Enquirer: 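Input: one structure, supplied below.
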2 protein chains.
Amino acid sequence: MSTRGELTREKILDAAKDLVMSKGFAGTSIDDVLKQTSVTKGAFFHHFKGKADLARQLVERYALNDLNMFKTMAADAEAATSDPLAQMLHFLKAFEKYICNSQDPSPGCMYAVYTYESMQFDASVRDFIADTLRQWTSIYVRKYQEVIDAYPPKLEVTARQLAELTVAIVEGGLILQRAYGDTSVTCRQSEQLRNYLFLLFGEPKSK
Amino acid sequence: MSTRGELTREKILDAAKDLVMSKGFAGTSIDDVLKQTSVTKGAFFHHFKGKADLARQLVERYALNDLNMFKTMAADAEAATSDPLAQMLHFLKAFEKYICNSQDPSPGCMYAVYTYESMQFDASVRDFIADTLRQWTSIYVRKYQEVIDAYPPKLEVTARQLAELTVAIVEGGLILQRAYGDTSVTCRQSEQLRNYLFLLFGEPKSK
DNA sequence: TTGAACAGACCGACTAGTTGGTATGTTTGC
DNA sequence: GCAAACATACCAACTAGTCGGTCTGTTCAA
């Protein structure tokens, strides 16, 4: 699988990810990527049809990695306990651990980058982002529905509201984290979400 | 105050804001702004030293408007009631009304744009964003501290945590809102925050 | 075993258009 | 008349993208 060509393609995508994350997509030129990777123009255009193709491949790879990590964490939580609320809390704690232990000083979300430069990209890329984000929330929706079914909430809430809130808190946390240069912000937001869930649903019955 | 020159300067900033919000800063060229405004290059460089200066003036004006609106809403809430919790809820509802009634299909936060293209800008602009965001949260911190002092929270929380959560929920909500093209997302997030505050502090004693 | 045929990976000079920015002149309102 | 406000022509650097060619490894028939 990791032929020579595949290796350079990955190298390009890795560098592009870092550059896009710090300067945005429009702010990153192909020459920037080439300089960073010592890859030549010919090689670049051998692997990518153009800059738009780079954009697409970049976000598609990101989404794949992202959903994989997400699903691994979810499976982890499901293996640890059968109680939906305990699973959710387990998942959130795992996420907090991951974010806090990341040595990246200014991490961020690729979807957010693309969303705030949305008009740069053609509709299919925008749709892909929206779909991925929807897919992401819909997994949360299912989980939260199980929680709501098992634990009558103290206030009327829908699974969708909680799912969107979960995603929004992470996205918002990452922005503050980047702006402040404080790596612990997103963690603290996630803790607050757990607080909210505790107040809504109480303690999980079984550990 | 609104001399002829001031008018074109405002016209440029207005157009630049729209463009930057939809394509990002690096994705917006000076020529784009000129085309949109029918202003000539000479006029542009008469009012702005360069693109970096446009960036600074843009975000400074945004911060000014933003903080003004924020303070107006806060003063409104303080005029309506003297109870800190009731003030906070009043403020959040006013904010929700403002966001929901905005006809802008894909609004967003200029700070978020700049934060995700941060390496485009020099350190002073980045610091300005961080300072403004800090100023924003610190007003929340003071308010939440009053709430905590008056209403013993059901869980141990700091005013800072709640303040950051408030900002994060809005920032995250705006991203989802843009990505989905759904104008009601941020509102719903804010409602969830009010839910959390209700569970933490209960009903305000006085309306 | 060898060498012709082929294919994927890569090179880097080149181009047409765009970029931010400047230099110089003209208009406008007081 | 004078300064702020604006217009126009221009430039050098950079941009994405092209294109003819090379290098390296594999396949396969003789």
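These numbers were taken from a predicted model, which means no experiment stands behind them. Naming convention: chains lettered A, B, ... in sequence-line order (proteins, then strands); numbering from 1 in each chain.
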Enquirer: Rounded to whole angstroms, how far apart are CG on B:L7 and P on C:dT28?
Expert: 17 Å
Enquirer: One thing to verify: whether A:R9 and A:D14 come together as a salt bridge, which I'm taking to mean a side-chain N less than 4.0 angstrom from a carboxylate O.
Expert: no
Enquirer: Would one find a side-chain N or O of B:H46 under 4.0 angstrom from OP1 or OP2 of D:dC6?
Expert: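 No.
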Enquirer: Quick one: do B:R142 and B:E146 make a salt bridge, cutoff under 4.0 Å?
Expert: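 No, no charged N to carboxylate O under 4.0 Å.
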Enquirer: Whole Å only: how far is the NE2 atom of B:H47 from the C1' atom of C:dG21?
Expert: 17 Å
Enquirer: List in chain and number order the residues that pass disulfide bond (SG atoms under 2.5 Å apart) with A:C109, two or more places apart in sequence or in another chain; answer none if no residue qualifies.
Expert: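 Expected list: none.
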Enquirer: To the nearest angstrom, how far is A:K35 atom NZ from D:dC14 atom P?
Expert: 8 Å
Enquirer: Would you please indicate yes or no on a ring centroid separation below 6.0 angstrom for A:F70 and A:Y140?
Expert: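 Yes.
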Enquirer: Rounded to whole angstrom units, what separation is found between the CZ atom of A:F44 and the C1' atom of D:dG17?
Expert: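 Answer to the nearest Å: 10 Å.
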Enquirer: Between atom CZ in A:R9 and atom P in C:dC10, what is the gap in whole Å?
Expert: 12 Å
Enquirer: Are any protein N/O atoms closer than 3.5 Å to N/O atoms in nucleotides 13-20 of chain C? If there are, list each pair with its distance.
Expert:
| from | atom 1 | to | atom 2 | distance (Å) |
| --- | --- | --- | --- | --- |
| C:dG20 | OP1 | B:K51 | NZ | 3.3 |
| C:dG20 | OP2 | B:I30 | N | 2.9 |
| C:dG20 | N7 | B:K41 | NZ | 3.1 |

Enquirer: Rounded to whole Å, please give me the gap between NZ in A:K23 and P in D:dC14.
Expert: 12 Å
Enquirer: Between A:F48 (CZ) and D:dT15 (P), how many Å, whole number?
Expert: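 Atom-to-atom, A:F48 to D:dT15, this comes out as 18 Å.
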Enquirer: Taking only side-chain nitrogens and oxygens of B:T8, does any of them come within less than 4.0 Å of OP1 or OP2 of D:dA5?
Expert: no
Enquirer: Looking at A:K93 and A:E96, is there a salt bridge between them, counting it only when a charged N and a carboxylate O are closer than 4.0 Å?
Expert: no
Enquirer: Rounded to whole angstrom units, what separation is found between the CD1 atom of A:I12 and the P atom of D:dA16?
Expert: 14 Å
Enquirer: Determine all donor-acceptor pairs shorter than 3.5 Å in which one atom belongs to a side chain in residues 163-170 of chain A; sequence neighbours excluded.
Expert:
| from | atom 1 | to | atom 2 | distance (Å) |
| --- | --- | --- | --- | --- |
| A:E164 | OE1 | B:R188 | NH1 | 3.0 |
| A:E164 | OE2 | B:R188 | NH1 | 3.3 |
| A:T166 | OG1 | A:Y144 | OH | 2.8 |
| A:T166 | OG1 | A:L162 | O | 2.7 |

